[in-house]
Amino acid sequence: MSSGRRPGEGRRTAEWKGKPLTHWDHSTDFLVVGSGAGVVGAVRARALGKDVLVVEKTDLFGGSTCMSGGVMWLPRNPLMRREGVPDSTEDALRYFETVVGDGVPTSSRARRLAYIDAGGEMVDFLESEGMEFRRCEGYSDYYSGVRGCEGGSARGRAIEAKAFDKKRLGSWQDRIRPGVSDGLAVYTGEAAPMMLMRTRAGLAVLARVGLRTVLGRIRGQRLVTNGAALTARLLRILLRRGAAVWLESALTDLVVEDGRVVGAVVHRDGRDLRVQARDGVLLAAGGFARDPEMRERYADGRPTSDRWTSANPGDTGETIRIAMAHGAATDMLDEAWWMPSWMMPDGTPSMCLSERSKPGSMIVDAQGRRYFNESVAYQEAGQQMYAHERESGGAVPSWLVVDSRHRGHYVFGMAPPGRTPKEWITSGAMKRADTLEDLARQCGIDADGLLKTAERFNRFAATGVDEDFHRGEGDHEKYYGDATHGPNPALGPVAKPPFYAVALYPGDLGTSGGIVCDEYARVLDTAGKPIEGLYATGNCTASVMGRKYLGAGASIAASAVFGYVAANHACAQRRAP
């Protein structure tokens with residue numbers, strides 16, 4: 001763990017930049033920095049009768065949450081209970097223990113219990129405030145069914161917000177960050193089956209999504225789903241509750257009195273405003289995925305680039321740096337929510353999820369060798385890429401190789417089955433060849449290595465058993481596979497020309513290391529003591545999941561849950577005047 005000096009020790013008056021603070025420009029009870037899922041803390045504090053201010057440094061509300069699938073992974077949640085899906089605290093804890101392991105400082109038993117217990121309470125609370133959720137049936141936990149992992153749910157613990165009409169936000173409807181589905185009212189829990197467009201199940205989902213989208217337009221609605229629906233609904237509750245929300249308002253410092261954080265300095269309209277926070281400050285901002293200097297500093301010699309990230313433009317690390325300057329401990333700053341990605345012709349990263357899980361695909365290094373199970377959870381896939389790069393080299397970039405059956409049957413990026421944009425090929429973003437030897441030449445892969453790998457891989461595909469890496473055994477791997485393909489839904493031969501390949505990089509959805517917190521979301525200093533009045537949640541913190549990603553929406557759920565926990569604790573801690 002690392003941190004900077006903790007100022008304010010023993011001081012009797014509020015100070016900023018070493019000088020007594022003579023007045024406040026604005027006063028509130030609870031200040032929330034950031035506008036992603038952590039604003040659940042603002043909703044909760046307002047419901048408890050507190051004055052609340054949310055500040056967002058960019059000109060749009062929602063952060064990376066708005067750009068995401070918007071799913072929340074919540075063990076033992078009320079929707080599971082209502083639909084008769086079995087779960088228990090014991091199962092969830094066993095899942096944590098067998099996947100994350102013990103002895104992880106940021107994932108203590110107390111933090112895990114707080115996450116599990118408060119998660120269900122939070123859903124009940126949000127529903128009482130008008131939030132509407134749906135279960136993602138079948139969207140299994142990422143390590144359910146994986147060897148050595150216990151307590152996972154094959155039916156899934158994920159929920160997401162129902163579609164929302166942005167027009168209900170009035171003048172705020174165009175101040176929400178654009179979502180991921182680009183005008184198509186598709187739920188994240190529908191995306192995987194919809195990718196199987198050539199199956200009856202896939203066509204049925206596609207028809208349902210199309211009907212929902214068209215009906216919304218006929219009714220004059222501006223429907224959003226995924227993370228945009230979650231953040232828009234949270235904003236709707238905040239506005240209805242009368243909370244103050246400031247856009248283009250950046251945190252620049254914290255104000256400390258007698259060792260306690262009592263406010264913050266916020267840069268707005270060209271001025272530094274001193275904002276008093278009587279009950280506490282909640283740091284709910286992102287990490288530093290968009291900051292090249294911080295990425296390089298904490299990469300530990302690994303190849304890294306902010307060009308590979310899909311995080312929001314405001315993910316630039318100031319919140320973590322400010323907390324460190326005030327004594328906050330940090331951990332896992334080398335970690336992120338990795339997402340293998342390939343670069344589109346315009347230079348933007350395209351996240352690679354279902355493509356690498358479908359039959360007819362494999363990932364190889366520069367020597368043409370497979371080195372991990374292509375269908376594993378995306379964070380682990382990125383970790384495997386970096387581990388192989390460190391041990392053997394040639395993994396950054398790696399190459400996703402598919403055959404024509406894969407390209408003819410499955411969605412790739414945003415391209416439907418059988419339609420490969422000409423620009424992908426002419427730009428070199430995607431390689432195409434009639435033989436694996438020629439494909440290897442174009443990619444700079446060792447041709448003999450690729451041919452030997454394909455021969456062995458295809459034998460596994462014929463039997464349905466991946467003897468090297470056990471691809472297709474886990475429930476999540478089957479979920480993103482093709483249920484109509486046998487004997488293994490995630491494993492098929494790479495044999496039918498022409499062949500295609502894209503260079504894969506360890507992209508990310510944001511960093512997942514940062515400020516260390518306890519089970520009450522209080523920020524801890526390097527001695528392990530709480531910094532009074534300061535709370536944190538989201539990607540600016542070191543994750544309760546440790547270095548694993550337990551299920552769809554684990555990061556968003558943790559951000560929301562510990563925002564809720566922080567508000568409960570802060571609003572009960574008002575000091576005597």
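Positions are given from 1, in the same order as the sequence printed here. Computed from a prediction, not measured in an experiment: that's the story for all the values here.
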Min side-chain heavy-atom separation L79-V123 under 4.5 Å | yes
Which of these passes side chain to side chain contact (heavy atoms under 4.5 Å, CB included) with M131: L126, V43, V40?
-> L126
With sequence neighbours left out, write down each residue that passes salt bridge (Lys or Arg N to Asp or Glu O under 4.0 Å) with E473, or none if nothing qualifies.
-> R147
Side chain to side chain donor-acceptor pair (under 3.5 Å) between E355 and S357, worked out = CA-CA 5 Å; E355 298 93 333; S357 301; over 6 Å; no
Determine whether M80 and I159 make a side-chain contact, defined as any pair of heavy atoms from C-beta on separated by less than 4.5 Å.
-> no
Taking all non-hydrogen atoms of both residues, which atom of P75 and which atom of A92 are closest, and how far apart?
-> CB-CB, 3.6 Å
Could you walk me through whether V255 and V261 pass the side-chain contact (heavy atoms from CB on, under 4.5 Å) test, one step at a time?
-> CA-CA 6 Å; V255 179; V261 173; over 6 Å; no
Given side chains that start at C-beta, do those of Y139 and Y480 come closer than 4.5 Å, heavy atoms only?
-> yes
Pair R82-E127, salt bridge (Lys or Arg N to Asp or Glu O under 4.0 Å): steps then yes or no | CA-CA 13 Å; R82 291 198 290 263; E127 289 184 324; 2.8 Å; yes
So how far is it from S512 OG to L333 CG, rounded to the nearest 0.5 Å?
-> 9.5 Å
Residues F288, N539; criterion side-chain contact (heavy atoms from CB on, under 4.5 Å); working and verdict | CA-CA 9 Å; F288 55 90; N539 284 357; over 6 Å; no
Is any side-chain heavy atom of V52 closer than 4.5 Å to a side-chain heavy atom of R46?
-> yes
Which heavy atom in L491 sits nearest to a heavy atom in D466, and how many Å separate them?
-> CD2-N, 4.0 Å
Please check if the side chain of D315 supplies one atom and the backbone of A289 the other of a donor-acceptor pair under 3.5 Å.
-> yes
Before accepting this row, confirm whether a basic side-chain N of the pair R94/E90 lies closer than 4.0 Å to the acidic partner's carboxylate O.
-> no
Can you list every ring pair (Phe, Tyr, Trp, His ring centres under 6.0 Å) pair that touches residues 510-562, not counting sequence neighbours?
-> Y142-Y549, W337-Y549, Y378-Y549, Y520-H569, Y535-H569
Sequence neighbours excluded, which residues qualify as salt bridge (Lys or Arg N to Asp or Glu O under 4.0 Å) partners of E132?
-> R233
Considering residues, nucleotides and ligands other than R109, do more than 12 of their heavy atoms fall under 6.0 Å from its CZ?
-> no
Under the side-chain contact (heavy atoms from CB on, under 4.5 Å) rule, what do D51 and R278 come out as? Steps first, then yes or no, please.
-> CA-CA 9 Å; D51 290 330; R278 291 179 288 265; 3.6 Å; yes
Hey, mind stepping through R76 and S88 against side chain to side chain donor-acceptor pair (under 3.5 Å) and telling me if it holds?
-> CA-CA 6 Å; R76 213 190 61 194; S88 67; over 6 Å; no
Point-to-point distance, once rounded to the nearest 0.5 Å, from CG of L509 to OG1 of T309 | 7.5 Å
List for me each residue that meets side chain to side chain contact (heavy atoms under 4.5 Å, CB included) alongside T304, sequence neighbours excluded, and say none if there are none.
-> R295, E296, A299, Y386
Looking at side-chain heavy atoms only, is the closest gap between L283 and L534 below 4.5 Å?
-> yes
Candidate pair D291 and R321, rule salt bridge (Lys or Arg N to Asp or Glu O under 4.0 Å), full reasoning = CA-CA 12 Å; D291 186 279; R321 293 195 295 270; 3.6 Å; yes
Kindly indicate whether the side chain of V100, heavy atoms from C-beta on, has any atom under 4.5 Å from the side chain of L550.
-> yes
Donor-acceptor contact below 3.5 Å, side chain E389 vs main chain R302 = no
Mark yes or no: R134 above the aromatic ring of Y187, with NZ or CZ under 6.0 Å from the six-membered ring centre and no more than 45 degrees from the axis.
-> yes
Rounded to the nearest 0.5 Å, how far apart are CE of M324 and CG of D525?
-> 13.5 Å
Those residues that, when tested against S559, pass side chain to side chain contact (heavy atoms under 4.5 Å, CB included) (two or more places apart) | A37, T537
Would you please indicate if the ring centroids of F469 and Y371 are separated by under 6.0 Å?
-> no
Residues E56, T58; criterion side chain to side chain donor-acceptor pair (under 3.5 Å); working and verdict | CA-CA 6 Å; E56 161 60 47; T58 72; 2.7 Å; yes
Check the pair R390 / D300 against salt bridge (Lys or Arg N to Asp or Glu O under 4.0 Å), numbers first and verdict last.
-> CA-CA 11 Å; R390 182 175 60 252; D300 194 26; over 6 Å; no
Is a side-chain donor or acceptor of R111 paired with a backbone partner of E519 at a separation under 3.5 angstrom?
-> no
Rounded to the nearest 0.5 Å, what's the gap from CD on E257 to CD on Q276? Could you check?
-> 9.0 Å
With the side chain counted from C-beta on, respond yes when R135 and V85 share a heavy-atom pair under 4.5 Å apart, and no when they do not.
-> yes
Between R44 and N568, is there a donor-acceptor pair closer than 3.5 Å when you use the side chain of the first and the backbone of the second?
-> no
Carboxylate-amine/guanidinium contact R547 E335, below 4.0 Å = yes
Please name all residues satisfying salt bridge (Lys or Arg N to Asp or Glu O under 4.0 Å) with R241, sequence neighbours left out, ordered by chain then number.
-> E129
Among N77, D87, D91, the one residue meeting side-chain hydrogen bond (donor to acceptor under 3.5 Å, both in side chains) with R157 | D87
Would you check if V224 and I176 make a side-chain contact, meaning some heavy-atom pair closer than 4.5 Å?
-> no
Exactly one of E477, K478, R471 clears side-chain hydrogen bond (donor to acceptor under 3.5 Å, both in side chains) with S375, and that residue is R471
Out of curiosity, L239 CG to I237 CD1, how far, rounded to the nearest 0.5 Å?
-> 10.0 Å
Is S107 reaching over with its side chain to a backbone N or O of V544, donor-acceptor style, under 3.5 angstrom?
-> yes
Between N312 and G314, is there a donor-acceptor pair closer than 3.5 Å when you use the side chain of the first and the backbone of the second?
-> yes
Taking atom CG of D124 as the centre, does the number of heavy atoms from other residues, nucleotides or ligands within less than 6.0 Å exceed 12?
-> yes
Output for pair (I320 CD1, T511 OG1), nearest 0.5 Å, gives 5.0 Å
Go through the steps for M67 and R177 under the test side-chain contact (heavy atoms from CB on, under 4.5 Å), then give the verdict.
-> CA-CA 7 Å; M67 300 167 62; R177 189 167 292 283; 3.6 Å; yes
